[in-house]
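Dropping a structure here in structure tokens format, bear with me for questions.
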Amino acid sequence: MTVYESVLDAIGGTPLLRLRKLGAGVRPRIYAKLEFQNIGGSVKDRAALSMIRGAEEAGLLKPGGTVVEGTSGNTGIGLSLVAAQLGYRSVIFAPAATSAEKIRLLKAFGAEVHLVADFVPRSDPGHLANRAAAFAASTPGAWLALQYDNPANPEAHFQSTGPEIWKDTAGSVTHFVASVGTGGTISGTGRFLKQASDGAVQVIGADPEHSRYGGGNGSLKYTEGAGHPLHPDSVEDLWPEAFDPALVDKFFSISDRDAIFTARRAAREEGLLIGATGGTALAAALQLAEILDENHTIVVVLPDSGRNYLSTYFDDDWLTFLGFLEPTTPAGTVRSLLTGAPAGVPLLASGLTAAEAAVELYARGLAPGEPAFLVLDRGESFGTVHPREVVAVVTLESLAAVDDAAPAVAAGLAYSVLGAGLPVPVEAGASSTKGQGDAAAAESAGTEVVAVLVDGRIAATLP
Ligand SMILES: Cc1ncc(COP(=O)(O)O)c(C=O)c1O
């Protein structure tokens, strides 16, 4: 057994585990790199230690200094634990939607946490990154980590993750699979493995289906920590400098459903409690394994633990609400109110005027009273939408009630979402229902528009 003199020495050095059950039906060997065994619970401990050491060496962080970052999760946890060990204060700005578990973890490791409103445009001083930068600029001795563009982030993986994999597989690794958030893991590890193998190792990106990295349309997703959506806060589509796309040989595009259910399988079949980015990477590794043979060895990164997501990916009620799980009692649920398979809902770009929106809806033959959703503009391709992408819901009648030249959003009606698996909300004039949809259900008889989620995306409106 290794004996450590400091918790910082215990960062990295994670084991590889052969996946014998999940990999039973395929020919290559699949090894998982268990990054959730890091001291702060994720792969980001490596980047956090490397960035803080880099700042010390550059003279940017001095004794008594303050480590600052805008982050929802694992990087903040890594930074706060390393900062505490080295005697620095840590101040983390996190989106208001950050899970309760992660906020508590940040505080447990000694961070001061400031919650910031979600989805504020990048140009707004209230945006997460601007709040963190302003705090750092006005606090003497503060240093802003900037993980997305900090070269010490990928360098951590070039120095540690890559060499560990090369040594532990005795140079037999042929394919490296990782999800991409900042890109630090895939870029640093990928660069090392390509150098060590004279370019032979194939680097595979596992990407949420809608993420821009793998060519998706930029819609939001449920895999926390991986992928690159288009949103007001990233509408310029700036990719992190920590990510070197030239190193990626191929991307596999993985749906939220596949990511979540592969993570759940890993817990039950392999005893590995992992998050959905690990599920994303594992799902990609299993698809890849189908086209390889016994001469190949795949190493797949499992970035963090499922303990961070017990109230989400591992909670059946959460999954049922979002329409990822079939309701246990099909009769009497919202799903049973939908006529046949959900056919999707009419979507319009959010920037239209009321007149333009009305013309579009007439052209599409929208029935009076049938709602259309104004959603964040992602160019030509809308596909389906995540509920947080909806800017307003309109009908022909509500558009007619405002000025033609007004923004169509001005005609917005009240809107809420219901899970397909919830009990039937409205019984002939009654509003007595159970579950998270109560408020929406009670109002749905009025002007409120109720959207129904299937696989976490808006699939239908309630008739
Ligand atoms: C859970 C999780 N998975 C994957 C990643 C992606 O790692 P990287 O930022 O090195 O690309 C992150 C990064 O924040 C993460 O928190």
Side-chain angles (χ1 to χ4, degrees), residues 11-12 14 32-38 40-51 69-80 92 94-95 98-99 101-102 105-106 128 145-162 176-192 203-208 211-214 221-229 239-245 247-248 251 254 256 259-260 262-263 266 272-284 300-309 312-313:
I11 290 176
T14 54
K33 183 113 174 108
L34 308 186
E35 288 302 305
F36 56 81
Q37 289 210 2
N38 275 298
S42 89
V43 69
K44 302 305 296 199
D45 288 359
R46 296 177 189 262
L49 179 59
S50 168
M51 291 191 293
E69 182 67 319
T71 163
S72 65
N74 291 320
T75 304
I77 292 164
L79 286 171
S80 46
I92 303 298
T98 304
S99 75
E101 288 104 319
K102 281 190 178 158
L105 276 168
L106 285 165
L128 184 73
L146 291 176
Q147 60 162 336
Y148 281 89
D149 299 319
N150 190 328
N153 167 9
E155 187 63 16
H157 300 283
F158 184 80
Q159 295 294 340
S160 67
T161 321
F176 172 68
V177 183
S179 57
V180 187
T182 64
T185 306
I186 202 164
S187 306
T189 312
R191 185 158 60 89
F192 180 89
V203 174
I204 311 297
D207 210 32
S211 163
R212 298 287 299 149
Y213 290 144
K221 33 78 194 174
Y222 289 87
T223 41
E224 239 178 80
H228 179 73
W239 288 23
E241 283 174 32
F243 178 42
D244 181 358
L247 285 164
V248 180
F251 272 107
I254 306 296
D256 284 321
I260 292 168
T262 306
L272 295 174
L273 186 62
I274 59 172
T277 62
T280 302
L282 211 43
V300 53
V301 177
L302 303 182
D304 76 345
S305 167
R307 278 175 208 261
N308 289 340
Y309 313 103
T312 53
Y313 314 135

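Since the structure is predicted, the reported quantities are computational estimates derived from the model, not experimental observations. Ligands are counted one by one from 1 in listed order, and the atoms in each one are counted from 1 as well.
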Worksheet item: Does the side chain to side chain donor-acceptor pair (under 3.5 Å) test come out yes or no for Gln147 and Thr75, once each step is laid out?
Response: CA-CA 8 Å; Gln147 60 162 336; Thr75 304; 2.7 Å; yes
Worksheet item: Of all heavy-atom pairs between Asn38 and Gly12, which one has the smallest distance, and what is that distance?
Response: OD1-N, 2.7 Å
Worksheet entry | Closest heavy-atom pair and its distance - Met51, Ala152 | CA-CB, 3.8 Å
Worksheet item: Side chains of Thr189 and Arg46: is there a donor and an acceptor less than 3.5 Å apart?
Response: no
Fill in: Listed partners of Glu101 passing side chain to side chain contact (heavy atoms under 4.5 Å, CB included), at least two apart
Ser99, Leu310, Ser311
Find all protein N or O atoms under 3.5 angstrom from an N or O atom of ligand 1 and list the pairs with distances, or write 'none'.
residue  : atom   : partner : partner atom : Å
ligand 1 : 3 (N)  : Thr277  : OG1          : 2.7
ligand 1 : 9 (O)  : Lys44   : NZ           : 2.6
ligand 1 : 9 (O)  : Thr182  : N            : 2.8
ligand 1 : 9 (O)  : Thr182  : OG1          : 2.6
ligand 1 : 10 (O) : Thr185  : N            : 2.9
ligand 1 : 10 (O) : Thr185  : OG1          : 2.6
ligand 1 : 11 (O) : Gly181  : N            : 2.7
ligand 1 : 11 (O) : Thr182  : N            : 3.3
ligand 1 : 11 (O) : Gly183  : N            : 2.8
ligand 1 : 16 (O) : Asn74   : ND2          : 2.9

Worksheet entry | Parallel, tilted or perpendicular: rings of Phe251 and Phe243 (30°, 60°) | perpendicular
